[in-house]
2 protein chains.
Amino acid sequence: MALESAFANFTRRDWERESVDGTVRVAIIGVGGFARQRALPGIADSRYCEASLLVTRSPDRTRSTAESFGVDHVVDHDAYLAGDHAGAYDAVYVATPNALHGGCVIAAAERGKHVLCEKPLEITVDRARNVVDACDDAGVTLMTAYRLQAEPAVRRTRELVRGGVVGDVVQVHGGFSNPLLEHASAGTWRLDPDLAGGGAMVDLGIYPLNTTRFVLDCDPVGVYATTHSSDDPFADVDQHVAFQLEFPNGATASCTASFDAHAGSRLQLVGTDGMISIASPFGGIVPHEMVVESGDVRMEYTGPPVDEVREEFDYFGYCVLSGTDPEPDGRDGLEDLSVIEAVYESARAGRRIDLE
Amino acid sequence: MALESAFANFTRRDWERESVDGTVRVAIIGVGGFARQRALPGIADSRYCEASLLVTRSPDRTRSTAESFGVDHVVDHDAYLAGDHAGAYDAVYVATPNALHGGCVIAAAERGKHVLCEKPLEITVDRARNVVDACDDAGVTLMTAYRLQAEPAVRRTRELVRGGVVGDVVQVHGGFSNPLLEHASAGTWRLDPDLAGGGAMVDLGIYPLNTTRFVLDCDPVGVYATTHSSDDPFADVDQHVAFQLEFPNGATASCTASFDAHAGSRLQLVGTDGMISIASPFGGIVPHEMVVESGDVRMEYTGPPVDEVREEFDYFGYCVLSGTDPEPDGRDGLEDLSVIEAVYESARAGRRIDLE
């Protein structure tokens with residue numbers, strides 16, 4: 001494929017294949033910082049979704065948020081589980097602490113509601129499998145909220161890889177560091193292994209992991225990892241993680257994540273005939289600065305960022321309305337949890353863990 | 001330290017602490033592509049070295065090179081070992097295939113000549129130890145030719161790290177890929193394990209390994225690695241390698257090297273309070289494009305490259321003339337060979353190898 005054509009109409013929605021009508025009414029479960037700052041604005045700006053219910057531990061404090069975004073109903077978790085206002089939504093977006101995903105998703109599936117669930121799907125493979133089974137049994141759509149899969153820079157990267165622009169990818173470098181305590185207290189659920197399921201690997205490392213799997217279009221067959229934590233408040237989870245994935249064709253991905261390092265992210269793919277580098281791919285607002293080398297040709301692309309969370313909700317809404325299976329489905333979420341469990345096992349055992 | 005002061009006078013020779021007179025007359029042993037294209041021009045441009053003898057398998061074919069660079073004598077290896085023209089040089093630069101380093105260095109040391117030996121010092125730790133011992137016994141200077149340690153971008157990076165500009169470094173990403181067969185035949189000694197001691201790890205991976213050790217000022221305590229090779233001509237050595245180093249404070253370095261991927265290199269350090277990225281650090285001509293983030297400050301530096309090979313020879317010459325111990329000494333070369341042996345052991349065993 002020609003490089004120029006990849007960059008033409010960079011933000012195109014290649015997944016939007018037919019015209020669909022209507023919108024999906026979404027209940028937001030878990031109204032934390034991400035829901036307020038990214039999900040609700042993204043939904044408000046979306047074509048295929050609208051927010052119709054907020055589910056929160058503190059409805060009174062959430063009413064002003066609901067009003068700002070024109071959301072009619074606010075309920076607490078017990079009321080949600082009891083089915084209050086169940087007629088007011090077609091789908092749920094689950095953004096609670098990870099260990100609460102299962103209960104929220106299963107309640108939705110049993111009521112025939114479609115599900116967009118934040119990553120990771122749950123805190124263990126076994127618990128996540130219950131989530132997937134519940135949605136399968138109910139025949140509802142389950143999408144794991146990998147926003148990067150809706151991000152144009154990542155979709156263009158996958159097209160370039162598929163088009164052979166860099167030859168066979170042999171080595172990937174990916175990293176994501178985000179100083180958690182700059183925007184959360186030491187009591188955050190993200191540092192509680194019972195609620196989060198792990199630390200930097202679960203919350204941040206999952207981005208280079210899932211994005212690498214997505215752009216390479218295959219799953220790792222082995223992993224090695226080291227984790228490191230200092231004292232409180234990081235004592236119970238991995239503060240830093242470095243993991244190395246092996247893919248079936250021998251390609252490797254060298255990835256890192258940190259809860260306690262200067263904010264930044266990186267993704268670079270080196271192939272037999274080229275290289276792709278995306279600046280700051282994982283931080284939530286991707287600046288759309290890419291460098292692609294293919295043989296002797298080098299191209300730099302710079303464009304305005306798009307709201308990848310809006311893109312994500314529109315992709316979910318489109319899938320529900322058109323009856324399309326979302327690509328980041330339950331199996332995709334399960335696969336990452338298998339790797340995450342192997343990462344922790346490897347870090348404990350000091351050896352490669354087989355994923356085949 | 002202030003960021004601005006690091007970038008002021010970027011190419012300064014911080015190692016040149018006193019005024020010294022004279023030049024070191026250097027015998028070049030092994031007149032391959034690197035010697036012709038980089039070492040001889042670098043020496044010609046240097047202040048403290050001059051080339052006075054070429055040692056080569058084919059003296060007749062090398063005379064025109066000698067003439068171009070004003071080198072008086074050309075001999076073959078037997079003549080060198082026999083001591084021909086030994087009065088014409090004060091030091092040797094050994095750039096033969098790796099397995100021949102030992103014989104060349106030991107002959108020089110026994111004659112009281114100083115030594116600049118290409119990396120790796122030899123093909124095993126044991127053989128390299130003989131090299132180091134011979135130079136110690138003879139009381140001559142031994143420098144391992146880590147040109148990156150003379151590269152201003154790398155020296156400035158170490159100063160920034162030492163100055164605390166990025167806080168504590170927690171994660172390093174380094175990689176070096178160079179498509180060997182684009183500039184060598186399939187019969188190159190670099191693909192012969194008996195002559196090279198290994199493949200991409202030995203020839204290329206040693207750059208991110210040594211440079212990371214240099215800028216962090218410490219040695220790894222553990223390593224994990226995977227290697228991958230396809231068929232001929234890469235069947236006998238590692239075509240691709242990915243290795244993950246652990247340092248005593250928990251920092252990690254995620255490194256890759258490849259003999260068969262698009263040419264490129266990268267080095268990025270992420271610390272608790274900042275980030276340093278050097279563009280194309282290992283390819284021989286460093287473009288002097290660095291990005292440094294420190295807290296909320298971001299600086300990009302761009303400057304003209306310097307000839308790091310000239311810098312390397314001048315550093316060596318300065319050390320010999322001033323009686324200074326070079327920093328990339330025999331111990332430095334031994335340490336990398338220990339890690340390289342552990343890399344191969346890890347790749348065979350599928351587990352972390354302890355380096356303590």
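All chains are named by letter (A, B, ...) in the order of the sequence lines, taking the proteins before the strands, and each is independently numbered beginning at 1.
Taking each heavy atom of B/T226 and A/Q244 in turn, the nearest pair found is OG1-NE2, 3.4 Å. Between A/H173 and B/G175, the shortest heavy-atom distance links the atoms NE2-CA, 4.4 Å. Of all heavy-atom pairs spanning B/V170 and A/H240, the tightest one is CG1-CE1, 3.8 Å. Residues B/S258 and A/Q171 share a closest heavy-atom pair of CB-OE1, 3.7 Å. Of all the heavy atoms in A/C255 and B/S254, the pair that sits closest is O-OG, 4.4 Å.
Residue B/A347: no heavy atom, backbone or side chain, is found under 4.5 Å from chain A. For chain B, the nearby part of A/A257 is the backbone; its heavy atoms alone come within less than 4.5 Å. For A/N249, the part lying under 4.5 angstrom from a heavy atom of chain B is the backbone only. For A/V241, the part lying under 4.5 angstrom from a heavy atom of chain B is the backbone only. For a residue to count as touching a neighbouring chain, one of its non-hydrogen atoms must lie under 4.5 Å from one of that chain's; by this rule A/Q268 touches chain B with the side chain only. Using a 4.5 Å cut-off between heavy atoms, A/S177 touches chain B through its side chain atoms alone. For chain B, the nearby part of A/T252 is the side chain; its heavy atoms alone come within less than 4.5 Å.
Interatomic distance, A/H262 NE2 to B/L269 CG, rounded to the nearest 0.5 Å: 12.5 Å. Note that the CD1 atom of B/I353 and the CZ atom of A/R351 stand 13.5 Å from one another [nearest 0.5 Å].
Annotation: A/D231, atom CG; neighbour count of heavy atoms from other residues, nucleotides and ligands within 6.0 Å does not exceed 12.
Of the listed residues B/G222, B/G167, B/G274, B/A263, the one with more heavy-atom pairs under 4.5 angstrom with chain A than any other is B/G274. Chosen from B/A251, B/S277, B/A242, the residue pairing most often with chain A at heavy-atom distances under 4.5 Å is B/A242.
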